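Taking it in order: structure first as structure tokens, then the write-up.
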Amino acid sequence: MPPPHQQLALLPRPTRVSRRSGHFVLDPHTRVHADSGAQEAADLLRALLRPATGLSLGPSPDGRIVLALDPALSGLGEEGYGLTVGPDALLLRAARPAGLLHGVQTIRQLLPPAALGSAPVRRTRWELPCVQITDTPRLARRGFMIDVARHFQPVEWLHHLTDLLALHKLNVLQLHLTDDQGWRLPVADYPLLTEIGGHRAESAGDGVPHGGSYTTEELRALVAYAAARGVTVVPEIEMPGHARAALAAYPELGNHPSVRHEVWTRWGVCENVFGVHDATLDFCRTVLDEVMDAFPSRYVHLGGDECPKAEWYTSPSALERVREAGLPGPEALHTWFMGQVGDHLVEHGRHPLGWTESGEDLPESFTVLPWRDADHGHVAARRGHDVIMAPYRTSYFDYPQSDHPAEPPGQPGLLTLRDVYEAEAVPTSWEAPAARHVLGVQAQLWSEYAPTPAHLEYLAFPRLTALAERGWSARRDWDGFALRLDHHQERLDALGVRGRRWTATATPPPGEETA
Ligand code: TNX
């Protein structure tokens, strides 16, 4: 007999669960009482349950479902909640609205999987097991980055993806909006960014043009949709490297303005990077002003990765900048540049994020994401940076999930579900003050080799469930996780998720992880 939390198969695993006898029944008469700070959570509950169950769950002061903000639960922090399901009443409480939104997802998971889908189910009674849950996350930021620059994705799919993040209590969707191969974000003062920078002639020799960009209205609507689900959309604008699409649109932003560039059609690291003259910095500030206007998130990601410095060695204006800023040489322009654009965010009450490649390459004001090596996070934390762990060995979902020959082609490498689950978000070897700088974890889904939503979902699932549990739950429990995932997969199926099949009990193909 598996322990109670495994029968319920809640994912991520809640902090404390105790199963009680009996069931609570939802039927067409069930009403919801939400106090003043809990309306948004009540709306979410209705919106999520209505498509499959057809239940209206309308408001009533004597509703048997009660959602309430309660300062007595402040010990559970920004995102914690308490849920009591009894035979006659369901009570969800949290100190803060985000906790209620997470609690709504738990209520959803307590229902049969068919309740999660969008297809109407012919049934008027829906049972939840009676249960007492107290739940609060281990790490404050639990994110997923999707690369819509290499391959543009329809905004409707980003809504679907947001739903899936919320189901797993992930709270950050980072949009990688610009890169060498495409610029997907409209900027009023620079229309060519999307007109020219949003399209490329082909991808790695395939002869097929690719392009697309979002409208500001679409992005604002996505931000609002995500916020209603407890997910913050963090925009990422790459600079000073990974900027070839912008250079194709506006060559004067580059180091050799007389050279015309096409939007890049290959993958890898491009030699062409932004110049460091005033006009380019003004451009970046203007772009960031629009970004801050469309995205209310406290954090804005400014890229900073893979920036070859060669062009700065030969550009007269870059060499002049070295002299004027009193820098030791062109190499130092990278940190200088990141400081300039980071300061612009700070002056507007925002906070810069950046990819670090050593732990000491970004200015003090940055919260850093070490992508090469987890140790770089340690170096950065010791220097006083906050850190969001994103090392490729354990968080790059563009790597195949097994070495089975049937895996779709992707980046060379291997990252199994179990690798993601077992990864130490905060390595135990770090001393306590450094460990306290770790704000969270983030998975990256780069899209060079994954052009379609179906392919991206296949790469994201089920590995994202493992990342979600490691970010949320203090206890690591691979065997329990694998069993719960068996059941959880029915929920993903109901939602139409096209993930890789996972089963803890079936015989896996050669080379795959076993439970
Ligand atoms: C490195 S991680 C990159 C991306 C690629 C990825 C492929 C990082 C900050 N830069 O530009 O898409 O590897 O795995």
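Residues: numbered from 1 along the sequence shown. Note that the coordinates shown come from a computational prediction; the quantities given were computed from them, not determined experimentally. Atoms within a ligand are numbered from 1 in the order they appear, just like the ligands themselves.
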*Which heavy atom of Gln109 sits nearest a heavy atom of His488, and at what distance?*
NE2-CE1, 3.8 Å
*Could you tell me whether some N/O pair between Asp179 and ligand 1 is separated by less than 3.5 angstrom?*
no
*What atoms of ligand 1 come closer than 4.0 angstrom to any heavy atom of His242?*
11 (O)
*Going by the order shown, which atoms of ligand 1 are within less than 4.0 Å of some heavy atom of Trp355?*
9 (C)
*Considering only protein heavy atoms, which is closest to atom 14 (O) of ligand 1, and at what distance to one decimal place?*
Asp398 OD2, 2.6 Å
_Side-chain donor or acceptor of Arg138 paired with backbone N/O of Arg470 under 3.5 Å_ = yes
*At their closest point, which heavy atom of Ser395 faces which heavy atom of Pro391, and how far apart are they?*
OG-O, 2.7 Å
*Is Arg372 near ligand 1, meaning one of its heavy atoms is under 4.0 Å from it?*
no
*Can you find a non-hydrogen atom of Gln444 under 4.0 Å from ligand 1?*
no
_Option passing side-chain contact (heavy atoms from CB on, under 4.5 Å) with Tyr299 (candidates Arg141, Arg350, Gln174)_ = Arg141
*Which residue and heavy atom of the protein sit nearest atom 5 (C) of ligand 1, plus the separation*: Glu448 OE2, 3.3 Å
_Close side-chain approach of Thr216 to Asp293, heavy-atom, < 4.5 Å_ = no
_For Asp403 versus Leu414, what's the shortest heavy-atom pair and its separation?_
N-CD1, 3.7 Å
*How far is atom 11 (O) of ligand 1 from its nearest protein heavy atom, and which residue and atom is that?*
Arg150 NH2, 2.9 Å
*For atom 3 (C) of ligand 1, closest protein heavy-atom neighbour*: Glu306 OE1, 3.4 Å
*Indicate yes or no: does Glu320 engage Arg323 in a salt bridge with an N to O separation below 4.0 Å.*
yes
*Say whether Trp446, considering both its backbone and side-chain N or O atoms, lies within less than 3.5 Å of an N or O atom on ligand 1.*
no
*Starting from atom 10 (N) of ligand 1, which protein heavy atom do you reach first, and at what distance in Å?*
Asp305 OD2, 2.8 Å
*Side-chain touch Arg13/Asp477, heavy atoms, less than 4.5 angstrom*: yes
*Nearest protein heavy atom to atom 2 (S) of ligand 1, by residue and atom, and its distance?*
Tyr396 OH, 2.3 Å
_ligand 1 atoms in contact with Trp371 (distance to a heavy atom under 4.0 Å)_ = 1 (C), 2 (S), 8 (C), 9 (C)
*asked:* Using every non-hydrogen atom in the two residues, find where Trp355 and Gln444 come nearest and quote the distance to one decimal.
replied: CH2-CG, 3.7 Å
